[in-house]
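The sequence lines fix the lettering, A, B, ..., with proteins before strands; numbering per chain opens at 1. Side chains are part of it too, since the values below use all heavy atoms of this structure and drop only hydrogens, waters and symmetry mates. Given the structure is predicted, the values throughout are model-derived calculations rather than measurements.
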Protein chains: 2
Amino acid sequence: MDELTERQKLVLALIVRDYVETAEPISSGRLVDHFRLDFSPATARNEMAILEKSGYLDQPYTSAGRVPTKKGYRYYVGKLMGDDQLPLHVQEMIRHQFYQARHDVDNWLSLSASVLAQHSRGAAIVTPLHTEKARFKHLALLSTRGRQVLMVIVLNSGEVHQQTLVLEENLTQSQLTALATRINEFAVGLEARDLQEIEFETRNPVLEQIFQLVLETIQNLEVVATGEIFRDGFTNMLSEPEFSEPEKARQTLEIFEDRVILDDLLSRTVFNSEGSGVHVIIGGEDTWEQLEDTSLILASYGDRDHALGVVGILGPLRMSYSRGVSTVRFISDLMSELISESMGS
Amino acid sequence: MDELTERQKLVLALIVRDYVETAEPISSGRLVDHFRLDFSPATARNEMAILEKSGYLDQPYTSAGRVPTKKGYRYYVGKLMGDDQLPLHVQEMIRHQFYQARHDVDNWLSLSASVLAQHSRGAAIVTPLHTEKARFKHLALLSTRGRQVLMVIVLNSGEVHQQTLVLEENLTQSQLTALATRINEFAVGLEARDLQEIEFETRNPVLEQIFQLVLETIQNLEVVATGEIFRDGFTNMLSEPEFSEPEKARQTLEIFEDRVILDDLLSRTVFNSEGSGVHVIIGGEDTWEQLEDTSLILASYGDRDHALGVVGILGPLRMSYSRGVSTVRFISDLMSELISESMGS
DNA sequence: TTTAGCAGTCTCTTGGCGAGAGTGCTAAAA
DNA sequence: TTTTAGCACTCTCGCCAAGAGACTGCTAAA
């Protein structure tokens with residue numbers, strides 16, 4: 001029953017596109033004029049009236065132009081928007097930036113955030129790699145200063161976790177190396193579950209202390225996402241007219257700053273769904289109230305079998321979905337490619 | 001000639017305090033009334049007129065109340081504001097939070113940002129530790145996946161730098177350990193300058209590749225500040241009335257987001273001055289145009305001889321300087337204490 | 001030196017009015 | 001049956017004027 005005629009689809013699509021650009025309600029006159037349509041404003045008005053009745057459009061007040069509703073945006077993103085690619089020369093430019101940069105995952109992440117923000121003109125979010133099942137691969141203990149020791153744990157996903165700890169007594173580097181070797185010998189390839197069950201008896205209290213820490217760390221890695229989330233380009237959002245009311249701006253920035261909300265959001269959408277596509281969340285989709293006025297475009301990156309992360313952007317409802325989707329898709333593909341490349345074959 | 005009478009100082013101080021709270025121009029009537037002063041509004045008016053002539057106060061328009069100027073704030077911060085401590089129970093609470101948390105510098109940094117933001121009600125900035133003179137202490141090479149190797153460099157300041165690199169050929173962990181040991185043997189305790197001069201000849205190309213990278217990394221560490229800057233609480237600033245004009249808000253956020261500006265600002269003020277006090281920069285102090293409408297409170301932390309970082313907050317001119325200064329001072333002292341403690345003695 | 005009294009100045013809010021933009025409806029044209 | 005022209009109607013927005021309110025600066029008395 002909600003089937004739209006071809007012309008209705010056209011009208012909806014054009015209104016979305018025009019509104020995204022101008023941020024002003026689109027009138028029937030402007031529509032035919034600007035897009036040189038071969039029907040009259042009156043016809044456009046009729047179609048717009050129908051689209052409004054079906055819930056795709058809305059009127060800010062009795063006699064203003066039309067504005068897309070969330071339903072309108074969703075329809076546009078789902079059925080009307082072509083899946084454009086980023087222009088080739090832009091793709092080349094971005095690739096170039098990544099290959100120029102230091103070959104280092106953390107560095108790529110921060111670059112991703114910056115590139116996403118710049119090209120999508122929204123606020124960018126990039127989370128670090130995160131493994132669901134962590135298998136221990138290697139442990140290193142490095143003396144830094146005094147009784148302070150750097151513990152580096154490598155998981156077989158390639159994920160690395162480091163932490164500084166302070167020991168009870170002062171040990172030399174070679175003693176530390178010996179300790180690490182002992183743990184490495186039996187723990188390699190095991191998951192947290194397996195490690196937990198090992199009856200680890202020794203007369204050396206330091207060894208036990210370290211082993212406990214390794215165990216805790218790996219367990220934590222499975223539950224909590226660690227590492228900083230990379231963010232960039234919130235300035236872009238603030239220059240959009242929808243954030244001229246400071247209250248709206250504050251509310252949106254809150255989402256952007258609050259790690260808890262973000263973690264929940266990312267894990268519930270991207271990680272829980274199969275398929276590696278791009279997810280578009282418009283106005284919170286009636287699930288997240290705080291996102292009433294914002295849209296998100298998210299995609300996961302990484303090697304599905306090993307570690308995953310999320311890249312995405314955040315913008316007003318009135319954002320350029322086509323540009324957003326193509327940018328996010330490109331960056332997520334590029335990151336996956338870079339990572340699997342750097343993992344070797 | 002700019003000597004103020006005691007009563008003038010009192011009036012100025014009260015106006016600053018009241019304005020900070022209400023964000024509205026303070027009238028003579030309100031002043032006497034609210035603070036139960038033992039002189040009349042007329043007297044207050046006379047004093048205010050003098051303070052205005054000397055440049056400490058300003059009138060938004062001919063017959064409104066008075067507002068402090070930058071000069072007024074500076075005088076207040078320099079001579080009128082007592083150097084309060086954070087209330088003892090708050091100090092305890094914060095200490096508790098830090099001791100509860102994982103004992104890890106990165107973790108403390110992010111906690112500092114969050115605590116600063118929360119207690120100062122401004123936007124917090126925390127930079128990681130940074131050494132001026134880097135001496136090599138220890139190198140570790142850990143195989144992660146395939147030809148991908150994690151290189152961890154420890155400097156004798158305790159600073160740690162890690163980077164992933166991809167080797168030409170596939171090496172086992174024990175081969176990597178052997179390589180690391182060779183480099184460690186002769187490089188320990190040397191600065192970048194010394195390392196550079198070593199004639200390093202070997203038939204092993206991988207060894208040379210790694211040595212080059214170590215060298216480059218240490219050199220970079222001396223010039224560019226590395227590591228993410230921790231930020232928190234920009235939301236606090238957005239709720240201040242001075243940022244109701246979105247243009248102002250955007251401009252300020254730009255400072256907060258732009259690493260280049262921030263780096264310049266921090267290095268030029270904090271690192272270049274002797275003494276470990278708290279620095280208050282009001283309205284850019286005629287040096288930074290972009291900071292026209294914002295104030296910064298900064299302090300360095302760390303062990304002066306080894307590595308330094310900066311903690312600070314950013315707020316509108318009309319910020320609570322006393323609360324800001326006491327919070328920043330407390331956090332910077334706490335961080336210094338924690339770090340030197342964890343370094344052992 | 002301080003204070004009461006008062007005239008003067010400027011902002012801010014309110015309401016009214018006209019211009020302009022865009023719609024929905026009706027009736028004619030295709 | 002579909003499309004279009006014409007037109008009355010509605011609603012916003014900008015502008016202006018008037019009135020209330022808030023403070024001040026000044027003058028003269030305490």
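- Contact annotation: A:R7 reaches the phosphate of D:dT3 (side-chain N/O to OP1 or OP2, under 4.0 Å).
- Rounded to an integer number of Å, the gap from A:E52 CD to C:dG24 C1' is 11 Å.
- Of the candidates B:L262, B:I229, B:L266, B:V310 forms a side-chain contact (heavy atoms from CB on, under 4.5 Å) with just one, namely B:L266.
- Looking at which nucleotide of DNA chain C each of A:S63 and A:R66 is closest to, the 5′-most match is held by A:S63.
- Contact between the side-chain N/O atoms of A:T62 and the OP1/OP2 oxygens of D:dC11 is found at a separation under 4.0 Å.
- Contact annotation: A:S40 side-chain N/O to D:dT3 OP1/OP2 distance is not under 4.0 Å.
- The distance between atom CD1 of A:I26 and atom P of C:dT23, rounded to the nearest whole Å, is 10 Å.
- Within the 4.0 angstrom heavy-atom criterion, no nucleotide atom of any strand lies near B:R30.
- In this structure, the CD atom of A:Q59 is 9 Å from the C1' atom of C:dG22, given to the nearest Å.
- Remark: P of D:dA22 and CE of B:M48 are 16 Å apart, rounded to the nearest angstrom.
- Each of C:dG24, D:dT4, C:dG5 was ranked by its minimum atom distance to the side chain of B:R45; first place goes to C:dG5.
- Closest contact between the side chain of B:A42 and the listed nucleotides C:dT23, D:dT4, C:dT3 involves C:dT3.
- Both tests hold for A:K71 against A:Y56: distance to the six-membered ring centre under 6.0 Å, angle to the ring axis within 45°.
- Rounded to whole angstrom, the span from the CG atom of B:L31 across to the C1' atom of D:dC23 amounts to 13 Å.
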### Message
Let's go through A:R66 and A:L51 carefully: what are the C-alpha distance in whole Å and the side-chain angles of both, what is the deciding distance for side chain to side chain contact (heavy atoms under 4.5 Å, CB included) to 0.1 Å, and is it a yes or a no?
### Response
CA-CA 10 Å; A:R66 300 307 209 288; A:L51 286 167; over 6 Å; no
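- If you measure from atom CG of B:D33 to atom C1' of D:dA22, you get 14 Å, rounded to the nearest angstrom.
- With rounding to whole Å, B:L57 atom CG is found 15 Å from D:dC23 atom P.
- Atom pair A:F39:CZ and C:dA30:P shows a separation of 20 Å (rounding to whole Å applied).
- A donor-acceptor pair is defined here as one N or O able to donate and one able to accept, closer than 3.5 Å; no such pair exists between the side chain of A:E254 and the backbone of B:T235.
- In this structure, D:dA30 forms a base pair with C:dT1, meeting either the Watson-Crick or the G-U wobble geometry with both donor-acceptor distances under 3.5 Å.
- Proximity of the aromatic rings of B:Y76 and B:Y321 is defined here by a centroid distance below 6.0 angstrom, and this criterion is not met.
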